[in-house]
Amino acid sequence: MAVIAQAQRMAQLQRLGLSTPLMRLAAGECVHEAFRASCLGPAFYVYHGADVPAGPPLIPLWDSGDTVFGVWEKSDGLEFIQFSIETPDEFERIARTEQGFWATRFDFLYECDLPDEALRHAADSVGFRFLDQHLASREEAEDRLDTFQGHRSWLQELVETIDEEVLPHRKNSPDA
């Protein structure tokens, strides 16, 4: 249950190759108003006594309510995760790439009824390349999205598709 020291956090995010806009948000700089309420660092809880999941050293991005978003490096690549500070060992792997991670955040923003124009400007501000694919996939899967489990399953499939496109070399590897 290790967390990267707060003083090393930004250097570690840079070492992992994460984008400048993601790093700016993690540092607390709001690159677009759409992110102010749910995607803005710095992380607080893990540096003030909250436990983190067992695993590689966690690099926290930010908190949203009692949920912590972060990334860690495993032997086969990055994992973006989220967990509640109430149950840190029940973490959820949400993506393997930054683009997949953004798909989850843009789905949240869509669910918050952010207008399409604002979604597009926000996507441009962080370099999210899959907004059109996200919106088209939502429209196509609309009848599946009326339950929590249906929505969750659809979003996981979308993120996996994006991750595979961003990391095509993993698609044919034995552990993909």
Student: Could I get the full list of side chain to side chain donor-acceptor pair (under 3.5 Å) partners for S125, not counting sequence neighbours?
Tutor: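 Expected list: none.
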
Student: Let me confirm one number: the OG-CG distance from S38 to L109, rounded to the nearest 0.5 Å.
Tutor: 5.0 Å

Student: Compare every heavy atom of V159 with every heavy atom of I94, then report the nearest pair and how far apart it is.
Tutor: O-CG1, 3.2 Å

Student: Give me the atom names and distance for the closest heavy-atom approach of P60 to R9.
Tutor: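 What the structure gives for the nearest pair is O-NE, 2.9 Å.
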
Student: With the side chain counted from C-beta on, respond yes when V46 and I85 share a heavy-atom pair under 4.5 Å apart, and no when they do not.
Tutor: no

Student: Say whether, by atom type as modelled, one donor and one acceptor occur between the side chain of R120 and the main chain of P115 under 3.5 angstrom.
Tutor: no

Student: So does Y47 have more than 12 non-hydrogen atoms from other groups sitting under 6.0 Å from OH?
Tutor: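 Enclosed.
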
Student: Does any part of the side chain of E73, heavy atoms only, come nearer than 4.5 Å to the side chain of P56, both counted from C-beta?
Tutor: no

Student: What is the minimum heavy-atom distance between W102 and L22, and which atoms define it?
Tutor: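 Scanning both residues completely, I find the closest heavy atoms to be CZ2-CD1, 3.6 Å.
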
Student: Taking only residues two or more places apart in sequence or in another chain, which ones pass side chain to side chain donor-acceptor pair (under 3.5 Å) with Q133?
Tutor: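 Listed in chain order: nothing, the list is empty.
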
Student: Is any side-chain heavy atom of W62 closer than 4.5 Å to a side-chain heavy atom of C39?
Tutor: yes

Student: With a 6.0 Å cut-off on ring centres, are F69 and F80 close enough?
Tutor: no

Student: When rounded to the nearest 0.5 angstrom, what distance separates CD in Q12 from CG in L18?
Tutor: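 Interatomic distance, Q12 CD to L18 CG, rounded to 0.5 Å: 10.5 Å.
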
Student: Start with the C-alpha distance between L25 and V126, add both sets of side-chain angles, then the distance that settles side chain to side chain contact (heavy atoms under 4.5 Å, CB included), and finish with yes or no.
Tutor: CA-CA 9 Å; L25 285 165; V126 295; 3.9 Å; yes

Student: Looking at E164 and R96, does any basic side-chain N land under 4.0 Å from a carboxylate oxygen?
Tutor: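 No, E164 and R96 are not salt-bridged.
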
Student: Rounded at 0.5 Å granularity, tell me how far OH in Y45 sits from CD in E86.
Tutor: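 If we round to the nearest 0.5 Å, Y45:OH and E86:CD are 9.0 Å apart.
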
Student: Where the side chain of D63 meets the backbone of F44, is there a donor-acceptor pair that is under 3.5 Å apart?
Tutor: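 Flag set: sc D63 to bb F44 pair under 3.5 Å.
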
Student: Please name the pair of heavy atoms, one in F83 and one in L58, separated by the smallest distance, quoted to 0.1 Å.
Tutor: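 Heavy atoms only, the tightest pair is CE2-CD2, 3.7 Å.
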
Student: Of the options Q99, Q14, E98, which is the one that meets S19 in a side-chain hydrogen bond (donor to acceptor under 3.5 Å, both in side chains)?
Tutor: E98

Student: Of all heavy-atom pairs between L114 and A34, which one has the smallest distance, and what is that distance?
Tutor: CD2-CB, 3.5 Å

Student: Supply the atom-to-atom distance Q8 CD to I59 CD1, rounded to the nearest 0.5 angstrom.
Tutor: 10.5 Å

Student: About how many Å separate CG of L119 and CG of D124, when rounded to the nearest 0.5 Å?
Tutor: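 Separation between the atoms: 11.0 Å.
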
Student: Please give me the minimum heavy-atom distance between D163 and G100, naming the atom from each residue.
Tutor: OD1-CA, 3.4 Å

Student: Working to the nearest 0.5 Å, report the span between OG1 of T97 and CG of L78.
Tutor: 8.5 Å

Student: Tell me, with the steps shown, if E92 and R152 meet side chain to side chain contact (heavy atoms under 4.5 Å, CB included).
Tutor: CA-CA 12 Å; E92 178 183 2; R152 181 184 173 122; 3.6 Å; yes

Student: Can a side-chain donor-acceptor contact be found between S84 and E90 if the only test is distance below 3.5 angstrom?
Tutor: no

Student: As a quick check of understanding, evaluate side chain to side chain contact (heavy atoms under 4.5 Å, CB included) for F101 and I81, giving each step before the final call.
Tutor: CA-CA 9 Å; F101 174 71; I81 67 166; over 6 Å; no

Student: If the condition is salt bridge (charged side-chain N to carboxylate O under 4.0 Å, His left out), which residues does R144 pass it with, not counting sequence neighbours?
Tutor: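 Residues passing salt bridge (charged side-chain N to carboxylate O under 4.0 Å, His left out) with R144: E157.
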
Student: Between R138 and H151, does the side chain to side chain contact (heavy atoms under 4.5 Å, CB included) criterion hold? Intermediate values first, please.
Tutor: CA-CA 9 Å; R138 273 196 75 96; H151 180 266; 3.5 Å; yes

Student: For H134 together with F130, are the ring centres under 6.0 Å from each other?
Tutor: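 Not under 6.0 Å, so no.
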
Student: Would you call the rings of H32 and F35 parallel, tilted or perpendicular if under 30° counts as parallel and over 60° as perpendicular?
Tutor: perpendicular

